[in-house]
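Reading through the structure tokens given below for one structure.
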Amino acid sequence: MRRLFLVGTAVATALAGMFCTANANANANAPADAPADVRAAPPPRAALVLPEPSGHRPVGRATVHLTDVGRPDPWVPSQERELMVSLWYPAVRPSATPAPYMTAQESKRYVEGAELGVPEDLFTTVVTHATVDAEPARAPGGLPLVILSPGFGMPRATLTGLAEELAGRGYAVAGIGHNYEADGISFPDGHTTSCVACENRDYPKVGAVRAADISFVIDELTGERPAWRGGVRVDAGRVAVVGHSAGGFSTVPAMLGDPRVKAGVNMDGNFRFPNDTPLDRPVLMLGQPGHVPGAEPTWDETWTELTGWKRWLSVDGTQHLSFTDLAPLAKQLGRPLQELDGDRADAITRAYVTAFVDTHLRERNAPLLDGPAARFPEVRFHRP
């Protein structure tokens with residue numbers, strides 16, 4: 001397989017055989033899916049369905065194309081850095097257009113690039129719970145912003161379920177499509193890019209590039225002329241970054257480089273950068289059983305440099321991809337991704353990430369983060 005360097009212990013049977021175990025190190029990075037977003041026709045059939053968000057607000061979704069003028073793309077220096085960003089938000093009411101999970105070209109490019117062995121339109125059939133360009137609900141002072149960064153080689157679509165959950169609970173959510181770091185990112189002019197960075201993996205560079213991307217997106221969403229025209233107002237004083245795999249280890253460089261990022265969540269990503277700079281803002285480390293004290297040195301090293309609020313949690317029965325949409329989708333295909341039920345894994349991810357951002361962006365009391373909870377016995381707290 002050319003790019004399918006997924007890792008973990010039980011990946012071989014996942015998603016109709018489209019994932020396979022590449023090595024025993026369950027955390028480097030995993031190109032596991034294909035990108036989503038960009039306006040597209042409604043899915044032709046409803047083969048797969050994301051779990052419904054539990055919030056009380058309808059969810060809207062918009063898409064913006066951003067160009068960081070004057071900044072050469074780190075992977076293709078002859079071009080300027082371009083990003084596709086999906087924006088989920090609480091809406092007044094749904095629109096008439098369901099939000100697609102991926103465009104046809106994104107699905108095709110991902111399936112072909114990662115040699116998944118499934119129908120090339122599989123990811124166009126995933127049913128979401130957002131609608132395109134629904135009227136945004138207004139909030140005095142602006143909405144808190146959560147930025148989502150997917151795994152290396154993985155499209156932003158893989159975090160759609162979490163995005164919808166947060167948006168339904170009153171957050172503005174920006175899922176970044178880091179160009180040339182995923183198989184399949186579609187742009188408004190019709191072209192779709194592939195994972196150039198996957199050909200020569202440089203993880204410290206990935207972290208630095210994503211940190212710059214995150215700062216740029218914050219600039220574009222909170223400036224005097226926000227790129228999201230007609231969208232909700234975003235509160236620049238309440239910003240968190242949540243990432244999976246490469247997106248997870250990129251949260252710390254993003255926080256170190258930009259004081260506007262008030263809090264960060266790393267979902268099962270190794271920390272691929274020097275861990276020698278103290279960080280005094282809130283960080284949640286959420287991973288599979290391979291990410292417990294003594295099992296992964298970069299987590300132990302990073303933990304000692306976190307001088308502010310911090311939690312280190314692991315979830316029994318999970319693996320690297322369990323913190324993405326692939327957990328519930330694989331269950332629907334009859335090919336469980338992990339020992340833990342896929343819907344259960346999804347519910348745990350949503351619950352703990354939501355509790356974290358509620359605590360640090362809204363100053364709400366979230367007892368779930370205080371210690372082990374009877375309703376989530378799979379979740380273990382480490383190094384209190």
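What you see is a predicted model, and the numbers here were worked out from it, not measured in a lab. Hydrogens, waters and symmetry mates are skipped; everything else that's a heavy atom, side chains included, is used.
Side chain of T124 to backbone of T103: no donor-acceptor contact under 3.5 angstrom is found. The backbone N or O of H129 lies less than 3.5 Å from a partner atom in the side chain of E164, making a donor-acceptor pair. Although no hydrogens or angles enter the test, the distance criterion places no donor-acceptor pair under 3.5 Å between the side chain of Q288 and the main chain of D268. Under a 3.5 Å cut-off, the side chain of D73 and the backbone N or O of Q79 do not form any donor-acceptor pair. Under a 3.5 Å cut-off, the side chain of T302 and the backbone N or O of W299 do not form any donor-acceptor pair.
At a threshold of 4.0 Å, the pair D68-R71 counts as salt-bridged, since one of the basic side-chain nitrogens sits closer than that to a carboxylate oxygen. Between E181 and R81 there is a salt bridge, with a side-chain nitrogen of the basic residue lying less than 4.0 Å from a carboxylate oxygen of the acidic one.
At a threshold of 4.5 Å between non-hydrogen side-chain atoms, the residues P51 and R350 count as touching. Between P226 and L221 there is no side-chain heavy-atom pair separated by less than 4.5 Å. Contact check for L122 versus L48: side-chain heavy atoms found under the 4.5 Å cut-off. No side-chain heavy atom of V242 sits under 4.5 Å from any side-chain heavy atom of F356. In this structure the side chain of D133 never reaches within 4.5 angstrom of the side chain of T97, judged on heavy atoms. Inter-residue side-chain proximity for S54 and E165 is flagged as met; some heavy-atom pair is nearer than 4.5 Å.
Atom CZ of F323 is separated from atom CD1 of I348 by 8.5 Å, given to the nearest 0.5 angstrom. Rounded to the nearest 0.5 angstrom, L284 CG and N266 CG are separated by 8.5 Å. Summarising the geometry, atom CH2 belonging to W303 is positioned 7.5 Å from atom CZ belonging to R311; distances are rounded to the nearest 0.5 Å. Atoms OG and CD, from S186 and E106 in turn, are 3.5 Å apart once rounded to the nearest 0.5 Å. Distance check: L143 CG to R138 CZ gives 9.5 Å after rounding to the nearest 0.5 Å. Taking OG of S322 as the start and NE2 of H244 as the end, the distance is 8.0 Å to the nearest 0.5 Å.
In the hydrophobic clustering of this structure, V92 does not group with V59; members are Ile, Leu, Val, Met, Phe, Trp, Tyr whose side-chain heavy atoms approach within less than 4.5 Å, directly or through other members. Hydrophobic clustering, with ILVMFWY side chains joined whenever heavy atoms are under 4.5 angstrom apart, keeps V292 apart from L313.
Listed by chain and number, the residues in a ring pair (Phe, Tyr, Trp, His ring centres under 6.0 Å) with W228 are Y89 (sequence neighbours excluded). With sequence neighbours left out, P289 forms a side chain to side chain contact (heavy atoms under 4.5 Å, CB included) with T318. Every residue two or more places apart in sequence or in another chain that forms a salt bridge (charged side-chain N to carboxylate O under 4.0 Å, His left out) with D341 is listed here: K331. With sequence neighbours excluded, the residues forming a side chain to side chain contact (heavy atoms under 4.5 Å, CB included) with T67 are H65, V69, E80, E82, listed by chain and number. Considering only residues two or more places apart in sequence or on other chains, K108 meets the side-chain hydrogen bond (donor to acceptor under 3.5 Å, both in side chains) condition with E112. Remark: H56 engages no residue in a ring pair (Phe, Tyr, Trp, His ring centres under 6.0 Å) (not counting sequence neighbours). P293 is linked by a side chain to side chain contact (heavy atoms under 4.5 Å, CB included) to D300, W312, H382, R383, counting only residues two or more places apart in sequence or in another chain. Looking at residues two or more places apart in sequence or on another chain, you find a side chain to side chain contact (heavy atoms under 4.5 Å, CB included) between T359 and A366, L369. The salt bridge (charged side-chain N to carboxylate O under 4.0 Å, His left out) search around E378 returns R344, not counting sequence neighbours.
Side-chain polar atoms of T193 and N179 form a donor-acceptor pair below 3.5 angstrom. Between the side chains of E120 and S107, not a single donor N or O lies within less than 3.5 Å of an accepting N or O. Checked by atom type, the side-chain pair R210/S149 shows a donor-acceptor distance below 3.5 Å. A donor-acceptor contact closer than 3.5 angstrom links the side chains of Y101 and D325.
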Side-chain donor/acceptor pairs under 3.5 Å, residues 254-261, sequence neighbours excluded:
residue: D258; atom: OD1; partner: R260; partner atom: N; Å: 2.9
residue: D258; atom: OD1; partner: R260; partner atom: NE; Å: 3.0
residue: D258; atom: OD2; partner: S215; partner atom: OG; Å: 2.8
residue: D258; atom: OD2; partner: R260; partner atom: NE; Å: 3.3
residue: D258; atom: OD2; partner: R260; partner atom: NH2; Å: 2.8
residue: R260; atom: NH1; partner: D219; partner atom: OD1; Å: 2.8
residue: R260; atom: NH2; partner: S215; partner atom: O; Å: 3.3
residue: R260; atom: NH2; partner: D219; partner atom: OD1; Å: 2.8

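Listed by first then second residue, pairs satisfying ring pair (Phe, Tyr, Trp, His ring centres under 6.0 Å) with a partner in residues 156-177 number zero, not counting sequence neighbours. Listed by first and then second residue, the side-chain hydrogen bond (donor to acceptor under 3.5 Å, both in side chains) pairs involving residues 360-375 amount to none (not counting sequence neighbours).
Residues A163 and L148 come closest through the heavy atom pair CB-CD1, 3.7 Å. For the residue pair V232 and A137, the shortest heavy atom distance occurs at CG1-O, 3.5 Å. Here the shortest heavy-atom pairing between H178 and P150 reads CD2-CD, 3.9 Å. Contact record, A99 with V132: CA-CG2, 3.7 Å, taken as the closest heavy-atom pair. The shortest heavy-atom contact between T251 and G243 is CG2-N, 4.0 Å. The two residues G60 and A134 have their closest heavy-atom pair at CA-CB, 4.0 Å.
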Mind running side-chain contact (heavy atoms from CB on, under 4.5 Å) on L50 and L329 for me, showing each step along the way?
CA-CA 7 Å; L50 293 177; L329 295 181; 4.1 Å; yes
Dump the intermediate steps for side-chain contact (heavy atoms from CB on, under 4.5 Å) on Q319 and L321, then the final yes or no.
CA-CA 6 Å; Q319 54 99 334; L321 302 177; 3.9 Å; yes
Kindly indicate, with the supporting measurements, whether the criterion side-chain contact (heavy atoms from CB on, under 4.5 Å) is fulfilled by V315 and L286.
CA-CA 8 Å; V315 185; L286 177 65; 3.9 Å; yes
Run the side-chain contact (heavy atoms from CB on, under 4.5 Å) test on R61 and T63 for me, step by step, so that the C-alpha distance in whole Å, both residues' side-chain angles and the decisive distance to 0.1 Å come before the verdict.
CA-CA 7 Å; R61 202 213 67 201; T63 305; 3.4 Å; yes
Side chain to side chain donor-acceptor pair (under 3.5 Å) between E305 and T277: does it pass, once the steps are laid out?
CA-CA 6 Å; E305 298 297 339; T277 304; over 6 Å; no
